[in-house]
Amino acid sequence: MIVKELRELIERALEDAAEAGEIPAPEGVDFVLERPRHKAHGDWASNVAMVLASRAGRNPREIATALVRRLEESGCSVGDGREYPLLSAVEVAGPGFINFTLDRDRVLRELTRVASEGASYGRWDLGGGLRVLVEFVSANPVGPLHVGHGRWAALGDALCNLLEAVGYDVDREFYLNDHGTQMEVFAASVEARYLELAGKEVEFPAEGYHGSYVRDIARALLEEDGGRLVDAPPGERRAELGERAYRLMLRRIRESLDSFGVRFDNWFSERELHRSGAVLEEVRKLQEEGLAYEKDGAIWMATSRFGDDKDRVLLRRNGAPTYFAADIAYHLNKLARGYRHLINIGGADHHGYVRRMQAALEAKGHPGVLEVILGQLVNLKRGGEPVRMSKRTGEMVTFDELVEEVGKDVARYIFLTRSQDTALDFDIQLAVQESMENPVYYVQYAHARICSILRYGLGKGVEMGEEIPDLATLRRLGEEEEMDLALKIFEFEELIRDAALDRAPHRLTRYLEELAAAFHLFYNRHRVISDDAELTAARLFLVRCTLQVLRNGLSILGVSAPESM
RNA sequence: GCGCCUGUAGCUCAACGGAUAGAGCAACGGACUUCUAAUCCGUGGGUUGGAGGUUCGAGUCCUCCCAGGCGUGCCA
């Protein structure tokens, strides 16, 4: 990998120059290697001399000059097991930057690596197979998923893909909050609609769910059982209807996520956690361990000893465990299942919850295992006007409706273009209306266009095998747009690593747009398939590498890569 | 009150502490007898909310202020 080689080269130059007394000791110097914004600044650039100079109070250009002398010797010649020189030029610039220009043959060789690694290009082994559990979406199964859930679904899935790409062993989990008041209210609401549809006079629960979906469910249940529960004992009736409604709702949620292309490895039921006795058992243990105590008739956990603002209730005065108590048991269960790192993804409205959960895990001897990624909420708009959403009145655009209206790829992509730290304005009308100019199509179009070139070549009888052209053929590449495209391709590997480690999938969308732009520009300036067989072979190869990286990137985002549009 | 997030072009958003702050959309002007014009090229557009500070260098870090969002439950 070019960046890695460059880094090693710089580190060697640092050691050698320090040994010769030309620069200060470089121990622990943290420098940056990046693609410069301006072409005049070379293919890659580093601030190493400036960082070092600032630490030692020396002149950065002086240090840069000393380093450049050594870098020229080692980088511009063959060595270190290299068959080809890495660099064609290295120079000091500006306040003390070192700018690198890659040797063209080395660029071409690197391109062959992209092709030979194929779908694995961009993968790393940073995780060492560490088992990670990512919990996301996790909703009350008392209504259809709303638009906000879509953001977590897209984000969680893409993040999982990224983590897998850098070598973690990832499982996706959905925590079903199928226990507690909300479930009871839901059951009561369904029951009321059920009776209503059967012609009974009933009063709708004051705090019940008014959404029309509740009536739909009630109708389905009524048709299913022919109304045999109308005259059943009320307790029995509500319990059965609630249970069947829950199963129906759960199926709908699964289908929504399925059609969005998000598959969970596991669905974990909060209710089962209570039924198994794990929650109360854990509260008991906490008391034994001196981590929980009784006060005012309730049982409290001493989270404030571990960084929380105050202690939190585990068992209410009425003896019922809190959501927090269940969550402690749940997270310990995750760890017991062998996961070494836990990631939870959710909305910023859970913010107040993070510290106490981390405190609880620390109390249990697991500091730092829980990472919580909180995203800002989604504001749905239509033609600039905010769309009111309220679960109570039932006026809302569901996740399904959104996906149906704008399409899976557009929805996923829009969710992923913005950093999760910013509140997302999702304008449905814009997403549909601008669909022709939508960034997702821009990227997909690049992919489809390349496929079209390959098809055209096939029709012309151009040899389309998987084999990699020899260097003599590849040397026909050298136009500015060709080299720009190649260098843009090479950014992919580091980008994947950074996006995964920084939990920032939105960087990948940005990158793919840049890659597509580099390709479109190349396409508009040069013909791929021509009478010149050698040049055609070389360009086809470049274009195939581009195709590969577009595919690898889109697949991490969970966006399809169409062969024609 | 306290805590977290945000404030960048008309709009939606990018930018590991690095060089002249970038894309898309919107506006305007150009490019298809040639592999997909869902593309490309060009033009205009900015006191990065405000004020200080840290340093070789700040949209980025620190302090204060302003504005918006979300928290701050014996709800989940």
Side-chain angles (χ1 to χ4, degrees), chain A residues 30-34 36-38 40-41 45-47 50-51 53-54 57 59-60 93-97 99 138-140 177 179-183 270 296-300 309-310 312-318 320-324 326-327 347-355 374-377 379 384 414 417-427 430 434-442 444-446 448-457 459-460 462 494 498 501-502 506-507 509-510 513-514 516-517 519-530 536 539-540 543 564-565:
Chain A
D30 192 17
F31 62 90
V32 169
L33 195 56
E34 64 180 0
R37 259 202 289 269
H38 303 285
H41 298 150
S46 177
N47 66 346
M50 287 184 289
V51 174
S54 112
N59 180 340
F97 286 99
N99 293 341
S138 297
N140 275 315
N177 300 131
H179 177 271
T181 332
Q182 317 245 26
M183 291 295 282
E270 180 186 0
D296 302 335
I299 306 293
W300 299 68
D309 298 332
K310 57 177 193 178
R312 307 289 174 173
V313 171
L314 294 171
L315 286 188
R316 285 180 269 244
R317 214 179 306 184
N318 66 9
T322 58
Y323 177 82
F324 180 50
D327 224 16
D349 50 335
H350 288 79
H351 172 71
Y353 197 72
V354 176
R355 189 171 290 179
L374 295 181
Q376 298 296 312
L377 305 176
N379 303 312
I414 289 180
T417 35
R418 274 79 150 186
S419 150
Q420 58 264 24
D421 288 338
T422 117
L424 169 58
D425 283 329
F426 197 126
D427 194 315
L430 237 55
E434 289 178 2
S435 66
M436 291 317 214
E437 320 269 328
N438 209 304
V440 65
Y441 293 116
Y442 184 79
Q444 287 182 320
Y445 184 53
R449 226 177 192 182
I450 294 172
C451 290
S452 169
I453 296 171
L454 300 184
R455 278 192 302 268
Y456 179 83
K460 287 267 183 181
V462 177
E494 284 231 309
D498 293 346
L501 264 30
D502 294 344
H506 71 276
R507 289 206 199 139
T509 62
R510 177 76 45 164
E513 286 162 36
E514 289 168 7
F519 165 73
H520 286 311
L521 178 55
F522 157 75
Y523 176 89
N524 271 280
R525 297 257 170 94
H526 305 288
R527 267 198 80 78
V528 174
I529 290 163
S530 65
T536 297
R539 285 186 172 159
L540 271 174
V543 141
S564 67
M565 289 174 75

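The model shown is predicted, which means the values in this text are computed figures rather than measured ones. In what follows, chains are A, B, ... by sequence order, proteins preceding strands, each numbered from 1.
Separating the CG atom of A:D502 from the C1' atom of B:rA15 is a distance of 13 Å, rounded to the nearest angstrom. Rounded to an integer number of Å, the gap from CG of A:D421 to C1' of B:rG59 is 15 Å. The nearest whole Å value for the distance from the OH atom in A:Y442 to the P atom in B:rU39 is 7 Å. If you measure from atom CG of A:L424 to atom C1' of B:rC5, you get 14 Å, rounded to the nearest angstrom. Rounded to a whole Å, the CG atom of A:D30 is 12 Å from the P atom of B:rG18. Rounded to whole Å, atom P of B:rA26 lies 14 Å from atom CG of A:D427. Between the NE2 atom of A:H506 and the P atom of B:rA14 there is a distance of 6 Å, rounded to whole Å. Regarding A:F426, its CZ atom lies at a distance of 16 Å from the C1' atom of B:rC11, rounded to whole Å.
At a threshold of 4.0 angstrom between heavy atoms, the contacts of A:S530 with the nucleic acid are absent. Residue A:I529 is classed as a base contact, given a heavy-atom separation below 4.0 Å to a base. Within 4.0 Å of A:T422, counting heavy atoms only, lie sugar-phosphate atoms of the nucleic acid but no base atom. Contacts of A:D425 with the nucleic acid, taken as non-hydrogen atoms under 4.0 Å apart, involve only primed sugar atoms and P, OP1 or OP2. Contact annotation for A:A448: base contact, defined as any heavy-atom pair under 4.0 Å involving a base atom.
Here the separation of B:rG42 from B:rC35, taken at their P atoms, is 23 Å to the nearest Å. As rounded to the nearest Å, B:rC61 and B:rA38 have P atoms that lie 42 Å from one another. The P atoms of B:rG44 and B:rG52 are separated by 31 Å, rounded to the nearest whole Å. A distance of about 22 Å separates the P atoms of B:rC5 and B:rU48, rounded to the whole Å. Rounded to whole Å, the separation between the P atoms of B:rA51 and B:rA14 comes to 24 Å. Separating the C1' atom of B:rG18 from that of B:rU60 is a span of 11 Å, rounded to the nearest Å. Separation of the C1' atoms belonging to B:rG29 and B:rU47 is 30 Å when rounded to the nearest angstrom. Straight-line distance between the C1' atoms of B:rG22 and B:rG45: roughly 13 Å, to the nearest whole Å.
The heavy-atom pair separating A:L374 from A:H351 by the smallest distance is CD1-CA, 3.5 Å. Taking both residues in full, the closest heavy atoms of A:S46 and A:F31 are given as OG-CD1, 3.5 Å, listed atom of the first, atom of the second, then distance. The nearest pair of heavy atoms linking A:M50 to A:P95 is SD-CG, 3.8 Å. Here the shortest heavy-atom pairing between A:Y353 and A:F324 reads OH-CA, 3.1 Å.
Looking at A:H520, its side chain does come within 3.5 Å of a backbone N or O of A:Y442 through a donor-acceptor pair. The backbone N or O of A:W300 sits nowhere less than 3.5 Å from a side-chain atom of A:R312 that would complete a donor-acceptor pair. A donor-acceptor pair under 3.5 Å is formed between the side chain of A:T536 and the backbone N or O of A:S530. For the pair A:N318 (side chain) and A:A320 (backbone), a donor-acceptor distance under 3.5 Å is present.
Going from atom CG of A:L377 over to atom CG of A:D425 covers 11.5 Å, rounded to the nearest 0.5 Å.
In this structure, the ring-ring contact (aromatic ring centres under 6.0 Å, His included) partners of A:H41, at least two apart in sequence or on a different chain, are A:H38. Residues forming a side chain to side chain contact (heavy atoms under 4.5 Å, CB included) with A:N59 (at least two apart in sequence, or on another chain): A:R61, A:E62.
Residue order along RNA chain B, read from the 5' end via each residue's closest nucleotide, puts A:Q420 first among A:Q420 and A:V51. Mapped onto RNA chain B by nearest heavy atom, A:R525 and A:L33 fall at different nucleotides, with A:L33 at the one closer to the 5' end.
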Identify each atom pair where a protein N or O and an N or O of nucleotides 19-23 of chain B are less than 3.5 Å apart, giving names and distance.
{"from": "B:rA19", "atom 1": "OP1", "to": "A:R37", "atom 2": "NH2", "distance (Å)": "3.4"}
{"from": "B:rA19", "atom 1": "OP2", "to": "A:R37", "atom 2": "NH2", "distance (Å)": "2.2"}
{"from": "B:rA19", "atom 1": "N6", "to": "A:N99", "atom 2": "OD1", "distance (Å)": "2.9"}
{"from": "B:rA19", "atom 1": "N1", "to": "A:N99", "atom 2": "OD1", "distance (Å)": "3.3"}
{"from": "B:rA19", "atom 1": "N1", "to": "A:N99", "atom 2": "ND2", "distance (Å)": "3.3"}
{"from": "B:rU20", "atom 1": "O2'", "to": "A:H38", "atom 2": "NE2", "distance (Å)": "3.3"}
{"from": "B:rG22", "atom 1": "N2", "to": "A:R510", "atom 2": "NH1", "distance (Å)": "3.3"}

N/O-N/O pairs, protein side and nucleotides 46-48 of chain B side, under 3.5 Å:
none

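Closest contact between the side chain of A:M50 and the listed nucleotides B:rC35, B:rA14, B:rG18 involves B:rG18.
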Next item on the list: Assess whether side-chain contact (heavy atoms from CB on, under 4.5 Å) is satisfied between A:T322 and A:D327, documenting all intermediate values.
Entry: CA-CA 9 Å; A:T322 58; A:D327 224 16; over 6 Å; no

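Between B:rC35 and A:H526, no contact under 4.0 Å exists linking OP1 or OP2 to a side-chain N or O. Close to B:rC32, at under 4.0 Å from its OP1 or OP2, lies no side-chain N or O of A:Y523.
With its glycosidic angle within 90° of 0, B:rC32 adopts the syn conformation.
Side chains of A:F426 and A:N379 form no contact here, defined as non-hydrogen atoms less than 4.5 Å apart. Contact of the A:V528 side chain with the A:F522 side chain is registered, since non-hydrogen atoms from C-beta on lie closer than 4.5 Å. For the pair A:R507/A:D498, a side-chain contact is recorded, criterion being any heavy-atom separation below 4.5 Å from C-beta on.
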Check: So what is the 5' to 3' dot-bracket string for RNA chain B, if pairs are Watson-Crick or G-U wobble with both distances under 3.5 Å, crossing pairs use [ ] and | means the partner sits on another strand?
Finding: (((((((..((((....[...)))).(((((.......))))).....(((((..]....))))))))))))....

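Counting heavy-atom neighbours within 6.0 Å of A:R355 CZ, excluding the residue itself, gives a total of 12 or less.
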Checklist line | Contact pattern, 5' to 3', of nucleotides 66-76 of chain B - B, S or - by protein heavy atom under 4.0 Å | finding: ----SS-SBSB

